[in-house]
Amino acid sequence: MGKTRTIYSCQSCGYQCLKWLGKCPECGEWNSLVEEVPARGTNSPGTRRPLLGESFPQPLTEISMDREERLFSGIGEFDRVLGGGIVPGSIVLIGGDPGIGKSTLLLQAFERLTESGRTALYISGEESARQTKMRAERLGISSRNLLVQTETSLETIMASINEVKPCAVAIDSIQTIFSTELESAPGTISQVRESSSKLMCLAKSMGPSVFLIGHVTKEGAIAGPRVLEHMVDTVLYFEGDRGHPYRILRSVKNRFGSTNEIGVFEMKDSGLAEIVSPSELFLAERPLNVPGSVVAACMEGSRPLLVELQVLACHTNFGTPRRTSLGVDYNRVTLLIAVLEKKAGLNFFDQDVFVNVAGGVRVEEPAVDLAVIVAAASSLRNRPVDPGIVAFGEVGLAGEVRAVSQAEMRIKEASKMGFSTCLMPQNNINRISIDCGDMKLVGVNSIEDALEAYEGVD
Ligand code: TYD
Ligand code: MG
């Protein structure tokens, strides 16, 4: 009888080798190699069978589209983040910190889905059926078409799906599922990869949409191989601050819609509630007439979002001043401070600078630059900015203020939220074609203009 051959797989990137190593040569992770027994007959689970069934070349024009009818969960924010509803046969990965509300979100979405008489299957590998029921009670869910099963064996789950033929399946979570074909423990890279690829074949051939809940690692990435993110159609992250009740559902990959779309929810006693006007929420506790606070008009996917940007510049006690940034890219902040020093002559060399986006939101687009500049100057000079001002615009290294996309939507949102003035790039103003009503547009070409303008406005 031959000796059982084992391989060592890196739990972080999927690299495989025959000997144990302390450090993965592929991704550089320490102590991430785990001994695994490869599946019988092969040492590479992915190469055993065609992933998407039998295939043949055919003209693009003749491929039928009839399966492209999307399903709507009825939770507007959830549907929008998915790109306008759930695509049948798609596979969606939802990641997020423990306790953020992933199970709650899917349970609520599934209940709405089943209201129209469709069947949905919720597989829980972490909680017993009773625990899921208790949660459902709390959420006021009482749908007869929502089936719950506590199971971790992939083969049993596949059998259930074949029997029930649901329109959507939730796997909570993919790290608890194991296939008996592999001898590795649940949660290891080969198990996660095997379970996901089998579920993917099933989704593509039979048509249920599969939602996989994935745990995240300490570093914030979805645990398991990166291949998991490549394999699925859509990757959503459910994030939020433990101290705040609101949660943001963010799409980072979507084969059926735009990425960077966000959905905003509030966690209440009775579950997650949609927030239709997030700007209102993020500006709710804004202090007025305080130095260092400026409202920025950002875009999150297709939606404008007004956020309050706060900067605190205070005298440093050390030789090297500190720069701290929450919600805005740290490098961007140091760059903007340098531009302010060089181009506007403001001295930050003896100032610690703290930047924060109120409410725990993260903004990633450069359009927030102008607001950072104005807020930093306002804090340094200890002069508040008029609370009726909204700022947006990208700032370059020469101190120039550059045009940004979708200026009109930003202006409309600011006007809807009751602001009176937009401090914005002059180049954007030249191209505006909408009627801005009472909104005063102040165009600026450089940061000097911007600092002068904000002083002039208040
Ligand atoms: P859960 O969906 O179990 O999180 P995850 O699946 O991401 O681990 O959510 C758990 C948290 O949500 C828990 O801390 C309690 C809170 N919660 C509410 O505030 N209201 C509710 O109605 C529910 C069901 C949960
Ligand atoms: Mg859960």
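Heavy atoms only: backbone and side chains are in, while hydrogens, waters and symmetry mates are out. All ligand and atom numbering here is 1-based and tracks the order in the structure.
Side-chain contact check for Ser184 and Gln191: no donor-acceptor pair (N or O, by modelled atom type) lies under 3.5 Å. Between the side chains of Glu194 and Ser179, no donor-acceptor pair of N or O atoms lies under 3.5 Å. A donor-acceptor contact under 3.5 angstrom links the side chains of Glu36 and Gln11, judged on distance only.
Across every non-hydrogen atom of Met231 and Ser196, the tightest pair is CE-CB, 3.6 Å.
Within 4.0 Å of ligand 1, contacts by protein heavy atoms are made from Asp97, Pro98, Gly99, Ile100, Gly101, Lys102, Ser103, Thr104, Arg135, Arg138, Leu139, Met267, Lys268, Asp269, Ser270, Gly271.
Atom OG of residue Ser173 and atom CD of residue Glu126 lie 4.0 Å apart, to the nearest 0.5 angstrom.
Note on the Mg ion (ligand 2): protein N/O/S atoms under 2.8 Å are Ser103 OG.
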Kindly indicate, with the supporting measurements, whether the criterion side chain to side chain donor-acceptor pair (under 3.5 Å) is fulfilled by Thr180 and Glu155. CA-CA 8 Å; Thr180 41; Glu155 285 71 26; 3.1 Å; yes
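Each of Phe265, Phe238, Phe282 was scored for a ring-ring contact (aromatic ring centres under 6.0 Å, His included) with Tyr246, with one residue passing: Phe282. None of Thr324, Thr320, Thr316 except one satisfies the side-chain hydrogen bond (donor to acceptor under 3.5 Å, both in side chains) rule with Asp352; the exception is Thr316.
Taking 4.0 Å as the cut-off between side-chain N and carboxylate O, Arg303 and Glu77 count as a salt-bridged pair.
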